[in-house]
Amino acid sequence: MTNLILYNTLTRKKEQFKPLNPPFVGLYVCGPTVYGDAHLGHARPAITFDLLFRYLQYLNYKVRYVRNITDVGHLENDADSGEDKIVKKAKLEQLEPMEIVQRYTDRYHHHMEQLNVLKPSIEPRASGHIIEQQQFVQRILDRGYAYEINGSVYFDVEKYHKQYHYGRLSGRVLEDLHTQTRALEGQEEKRNPYDFALWKKADANHLMHWPSPWSEGFPGWHLECSTMSTKYLGTPFDIHGGGMDLLFPHHECEIAQSTAADGHEAVKLWMHNNMITINGQKMGKSLGNFITLDELFTGNHRLLQQAYNPMTVRFFILQAHYRSTVDFSNEALQSAEKGLARLMKAWDILPGLTPGEPGEFDVTSWKQRCFEALDDDLNTPVMIARLFEAVRAINLAGEGKASFSASALTELVSLFDLFAGQLLGLQKPEKERSQNDRTTELIEMVLQLRLEAKRKNDYATADRLRDELTRLGVTVKDKKDGYDWEWDS
RNA sequence: GGUCACGUGGCCGAGUGGCUAGGCAACGGUCUGCAAAACCGUGUACAGCGGUUCGAAUCCGCUCGUGACCUCCA
């Protein structure tokens, strides 16, 4: 029994987390559509649910974490509406669709690794589950909640709503949707504008298509998640996560599909992370105001004043609660970078502290308050605040102004590794300097000369060497009996 | 237009009836040949107006402002 409390979008309440089949937990999260580089927004759910995955495992649950790769089926809504996003890019670049998918999947994996996001247990692809999706469509047809027309199959929302409740998750009222759903081109086949495609017949220039009982075509937009979550987690399963923007229509349609197919809802707990904004506006592919993770890590973007380390980005995201929006700015990232550096440094010196008299810092109550923060709907901002309380105590001890008892110190070392490392997933930065780097040796040589000059009280020479190094981009930091240095960032 | 959120000190960001996080910046100090860095210390803020209450940033009402979803989106 654990004290973990999570916010359920379905009930709009925080709920005590209780697995359906302890000690097993099924977790499904909507993954990326791999037709382009992942952006800052993609990092949010990846990191949020990575934290949940880590914490559930720490709590000794046997978690199966499924995060899909969408490589088929999403429609685009610009000038050429109705065309598959992945196909469009393929034609543009004269590549096979699967080539695009492979490239961006690989890049997504690389970026996730940089962010220290653990791999999910299963990462299924939509294109690898066409047969299962067709079977899912058939089940819905058999139960009478879908209709076929001209080779396409649509979900009959109205009929479904008579028995179940369409709009339960998002709070939509079907009667309102009648008047508010936008009429899109090529949708006149549908009985109602809010009906959605389960299977779509491919037109002549559509490259990705598969044979089916209804037509040569491709699966509908929402089907893959219902299909793959059911296949790997069974039904019902514990937790389904994703971005808030997927709440409607994507997740609402998932609920309808699963309920129509099985007669009961598939998901017990829905979790949604909020958006990342840029200048107060949502960052998104369609808005064209997004910054990709690659650009963020290299600093190669007009809005970026510098490159940001992946750990800075992870820390930045964890400093806000996952259900709040977080606004991107250079200032915010830079303050995260500095704060993180301070945290890392304390973490670094902690194991080397000398035990002494028991100090004022109460490790036991601190530990408890850290867990309380995590248990309270993954309140990472509060947990990080706790870590900084420990940082102050550690620094004071480092300066000999406070101390920990030997047992408190041992416990604090392992708890810091647990909280900062294992759970928040922060990594200590690698030392960039390698031993056999020639430039490094030259810099070290100059600094040695400067040290000698200082010892002879030849401050003119010492200052000149420091100024020259500064000019070349090396920041010199004098220490008590030596020096430290780093490249300007 | 409909639905739903939100508005916290210079900036970011928790809290959600009394105990008033945290980070960055700023200021003060320690250290230092100087500087930088580092470290320590210092901050009663909760959009506005009413109401409920012994007591409200926290509950209720109204006003103003911002955003999200309603279309692919993390």
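No hydrogens, no waters, no symmetry mates; every other heavy atom, side chains included, goes into these values. Proteins come first, then strands; the chains are lettered A, B, ... in the order of their sequence lines, and each starts at number 1.
- With hydrogens and angles disregarded, a donor-acceptor distance shorter than 3.5 Å links the side chain of A/D71 to the backbone of A/S127.
- Considering only side-chain atoms of A/H39, the nucleotide from B/A74, B/A21, B/C69 that sits closest is B/A74.
- For the pair A/L246 CG and B/C73 C1', the interatomic distance rounds to 7 Å; values are reported in whole Å.
- Remark: the A/R466 side chain and the B/C34 base include a donor-acceptor N/O pair separated by less than 3.5 Å.
- Across the C1' atoms, B/A14 and B/A57 are found 13 Å apart, a figure rounded to whole Å.
- Residue A/F388 and nucleotide B/G22 are not classified as a stacked aromatic pair, given the requirement of ring centres less than 5.5 Å apart at an interplanar angle below 30°.
- Per the geometry, CD belonging to A/Q305 stands 14 Å off C1' belonging to B/C11, to the nearest Å.
- Below the 3.5 angstrom threshold, one finds a donor paired with an acceptor across the side chain of A/D463 and the base of B/G33.
- Checked by distance alone, A/K282 brings a side-chain donor or acceptor within 3.5 Å of a matching partner on the base of B/C73.
- Taking atom P on both B/G50 and B/U16, the two are 27 Å apart, rounded to the nearest angstrom.
- The P atoms of B/U32 and B/A21 are separated by 35 Å, rounded to the nearest whole Å.
- A/K454 places its NZ atom 11 Å from the P atom of B/U32, with the value rounded to the nearest Å.
- The base-pairing partner of B/C6, taking Watson-Crick or G-U wobble contacts with both distances under 3.5 Å, is B/G65.
- Rounded to a whole angstrom, the distance from the C1' atom of B/C70 to that of B/U52 is 36 Å.
- Remark: A/S324 is in phosphate contact with B/A14, judged by side-chain N or O atoms under 4.0 Å from OP1 or OP2.
- For the pair A/R464 CZ and B/A35 P, the interatomic distance rounds to 21 Å; values are reported in whole Å.
- At a cut-off of 3.5 angstrom, counting only N and O atoms as typed in the model, there is no donor on one side facing an acceptor on the other between the side-chain of A/N395 and the base of B/C40.
- Close to B/A74, at under 4.0 Å from its OP1 or OP2, lies a side-chain N or O of A/T33.
- Minimum atom distance to the side chain of A/E389 is reached by B/A21, of the listed B/G33, B/A21, B/C40.
- Of the listed nucleotides (B/G33, B/C72, B/C69), B/G33 has the atom at the smallest distance from the side chain of A/A462.
- Within 4.0 Å (heavy atoms only), A/T277 reaches no atom of the nucleic acid at all.
- Nearest to the side chain of A/V382, among B/C70, B/G23, B/A21, sits B/A21.
- Here the straight-line distance linking atom CZ of A/F290 with atom NE2 of A/H42 works out to 9.0 Å at 0.5 Å rounding.
- Using P as the reference atom, B/C12 and B/G29 are 29 Å apart when rounded to the nearest Å.
- Within the 4.0 Å cut-off from OP1 or OP2 of B/G23, at least one side-chain nitrogen or oxygen of A/R342 is found.
- Closest approach to the A/S335 side chain among B/C34, B/C40, B/C24 is made by B/C24 (side chain taken as heavy atoms from C-beta onward).
- In this structure the side chain of A/D50 never reaches within 4.5 angstrom of the side chain of A/N116, judged on heavy atoms.
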